[in-house]
Amino acid sequence: MSDLRVENLQLNFGAVQALDGISFDVAEGEFFCLLGPSASGKTSTLRAISGLESLTAGSVHFAGGDVTEAPVQGRGMSMIFQTFALYPHLSVEANLAHPLRRDGVASSEVKKRVGEVAELLRVTHTLKRKPGTLSGGEQQRVAIGRAIVRRPKLLLLDEPLTNLDAKLRHDMRAEFKRLHRELGMTMLYATPDQLEALTMGERVGVIRDGKVVAIGPPRDLYQAPSDTYVAQMVGSPPINFLQTKASSDNQVTLPFLDQPLIAPGAKSGQPVTLGLRPHDIALASSGGAPLRFNAKIHLTEPLGDVTVIDVAAQEAQMKMVLREEVAAKYSVGDAIEIAFDPTDIHIFDQASGARLGAGAQS
Amino acid sequence: MARKYREIGKAGWGYTAITSVVGFIYFFPVFWIILTAFKTRTDALAVPPKLFFTPTLENFQSVFFRASITTGTSQATDMGLYFFNSIFIAFTSVGLALIVGTLAAYAFSRYPLKGNDTYLFIILTTRMMPPIVVIIPIFLMFRLSGLAGSYWGIILLYTAFNIPFSVWLVKSFFDELNPEIEDAARMDGATERRVFFNFCIPQILAGLSATFVFGLILTWNEFLFALLLTGVETRTVPVAMARTLGGEVGVDYGLLAAIVTLFLIPIFFVTFLLQNQLLRGVTFGTVKK
């Protein structure tokens with residue numbers, strides 16, 4: 001049974017259409033991520049679900065009832081904001097206690113629950129302090145605490161890691177997963193970062209210009225993206241695109257390959273986009289991948305454990321990823337023989353961007 | 001994080017010297033007036049001016065009690081009433097303007113109307129006119145409506161004159177707030193009234209204090225309207241002060257200085273009480289959050 005169901009959410013700010021028919025379901029206890037670039041409508045979706053924005057059209061169903069017109073205060077949801085939005089004039093303790101006091105919980109119970117939440121989030125030592133004196137990570141944990149202290153049925157998270165530094169982001173990703181496991185509440189998490197969406201989300205909805213363009217488990221989105229936009233949003237470094245034309249039905253040729261590729265669904269002469277993930281390109285010498293070709297190294301970006309290498313095969317530019325110790329043998333300007341498996345090729349229609357299928361060897 | 005003020009040693013002698021000169025230019029007249037308040041009539045008018053003298057409280061005494069010219073007996077002056085009037089009128093009207101202004105500012109900031117900026121501009125234009133331009137119609141209106149000479153008349157006028165200032169200043173404080181904090185309060189179950197009183201107001205207390213003090217200083221010093229629109233019972237100190245000038249015995253500088261000194265105290269006191277808030281209020285939005 002789905003806990004949250006949103007249907008055809010429409011939201012206009014004057015002439016600007018922020019949401020253009022958002023629909024999806026979230027199951028009870030699920031960790032659902034909304035992935036999309038900034039201004040794509042993630043925050044508006046969360047605000048519409050919470051009731052902070054009133055919809056132009058569409059409906060929100062939650063916990064078995066239609067809450068489209070319900071006031072914000074009574075929806076039984078909590079939200080974690082991008083800016084944390086802690087009450088600057090109140091102590092951490094008062095911040096954590098506020099939702100409970102509003103719910104009319106007895107003060108002995110408030111004290112107990114605040115203590116428990118502070119313990120769970122390791123902020124007990126900050127209870128008497130004002131939020132302004134806390135570090136970014138502590139503020140974030142207090143914000144989480146304030147959101148979960150009333151044990152909401154649904155937790156909305158609006159880019160909660162955007163304002164933290166890289167190290168903290170890493171720690172907090174694990175923290176969110178832990179909390180989700182321990183508390184078992186439904187979570188709806190908006191992020192522009194594909195890494196966050198893929199690592200935490202049980203399912204991910206990809207948003208573009210106020211529309212959900214794909215929904216699925218991270219693995220499906222990565223392995224069989226429904227169009228070029230989804231392919232681009234998921235995976236890092238981003239997928240390589242090669243523009244070409246089908247040489248005949250179900251077949252494409254690439255100038256740097258000596259044999260054609262089987263491209264199911266492509267009509268003769270149809271412009272297609274081939275997608276190939278950087279991680280699916282390997283050194284020819286490592287064996288395994290049957291399609292080999294020669295390329296030249298343009299740029300190397302060492303990331304510590306791995307190195308991202310920009311190569312060019314004739315006119316085609318692409319990125320590949322090598323382990324650092326392997327990459328160290330190469331430098332800019334070197335020729336390199338690389339290979340890929342044709343089944344790793346994603347074939348898209350160039351005009352619509354829609355997926356046609358996966359490649360195969362002829 | 002607020003930047004720490006540099007110590008004198010770190011500021012360097014150049015800055016310290018310039019600041020001292022500027023400070024001296026501003027504060028010397030005040031210092032001299034306070035000094036004069038403690039001088040006898042002869043000392044006050046002495047040439048060259050006396051820096052060292054035997055202080056006397058005679059002037060302060062004669063602010064409130066003065067020997068009658070005709071009978072020679074000591075009589076209470078009305079100065080006590082005028083001080084009460086100044087305090088009552090200024091605090092009430094600035095307080096009222098702050099309440100109305102804060103409510104209006106919140107509405108303008110959080111629930112903008114179509115043509116919001118136009119309304120704000122119209123409110124501001126009422127402060128663009130020099131008071132002298134509107135004094136005649138206002139004087140006639142007050143005469144006709146019987147408001148002239150009453151407390152409520154002058155309070156109403158000062159309130160009206162302080163509202164635009166309050167709206168604009170307080171709106172800028174509301175605009176600076178993070179609206180997500182209000183949304184968070186709503187999601188926690190706070191009603192709109194609570195959001196305003198328990199979450200917005202406490203965050204701008206410094207700004208409200210600054211607005212109050214600035215309004216208070218303007219109103220406290222106001223002379224023109226007070227001169228024309230207050231009566232014998234509702235006269236404020238600036239008007240009463242002007243009336244001590246001239247007369248058959250010439251200008252009593254010692255008396256005048258004593259009134260000025262007393263007149264400084266309430267403003268000094270309020271500013272001193274709110275100094276921490278004021279400093280934050282005037283720097284609101286200029287410091288990185």
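Each chain gets a letter, A, B and so on, in the order the sequences are listed, and its residues count up from 1. Owing to the predicted nature of the structure, the values given are computational and were not obtained by experimental measurement.
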State whether the number of non-hydrogen atoms from other residues, nucleotides or ligands found under 6.0 Å of Phe272(B) atom CZ is greater than 12. no
Specify the closest pair of heavy atoms between Ala184(B) and Ala85(A), including all atoms of both residues, with the distance to one decimal. CB-O, 3.9 Å
Over 12 foreign heavy atoms within 6.0 Å of CZ, Phe223(B): yes
Taking OH in Tyr119(B) as the centre, count heavy atoms belonging to other residues, nucleotides or ligands within less than 6.0 Å. Is the count above 12? no
Of all heavy-atom pairs linking Arg186(B) and Gln73(A), the shortest is O-CG, 3.5 Å
Does the side chain of Asp158(A) come within less than 4.5 Å of Glu180(B)'s, by heavy atoms? yes
Could you check whether the rings of His98(A) and Phe199(B) sit parallel, tilted or perpendicular, using 30° and 60° as the cut-offs? perpendicular
What part of Leu100(A) gets within 4.5 angstrom of chain B, counting heavy atoms only: side chain, backbone, both, or neither? neither
Check this for me: Glu182(A), atom CD, are more than 12 non-hydrogen atoms of other residues, nucleotides or ligands nearer than 6.0 Å? yes
Mind listing the closest non-hydrogen atom pair of Leu86(A) and Ile181(B) along with its distance? O-CD1, 3.5 Å
Arg47(A) versus chain B, the contacting section by heavy-atom distance below 4.5 Å: side chain
Are more than 12 heavy atoms, taken from residues, nucleotides or ligands other than Phe28(B), located less than 6.0 Å from that residue's CZ atom? yes
Select one option (side chain, backbone, both, neither) describing which atoms of Ser78(A) are under 4.5 Å from chain B's heavy atoms. backbone
Heavy-atom neighbours of Arg169(A) CZ exceed 12 at 6.0 Å: yes
From Arg102(A) CZ over to Met187(B) CE, what is the distance, rounded to the nearest 0.5 angstrom? 15.5 Å
Distance col, row His89(A):NE2 vs Asn198(B):CG, nearest 0.5 angstrom, shows 7.0 Å
CD of Glu119(A): more than 12 outside heavy atoms within 6.0 angstrom? no
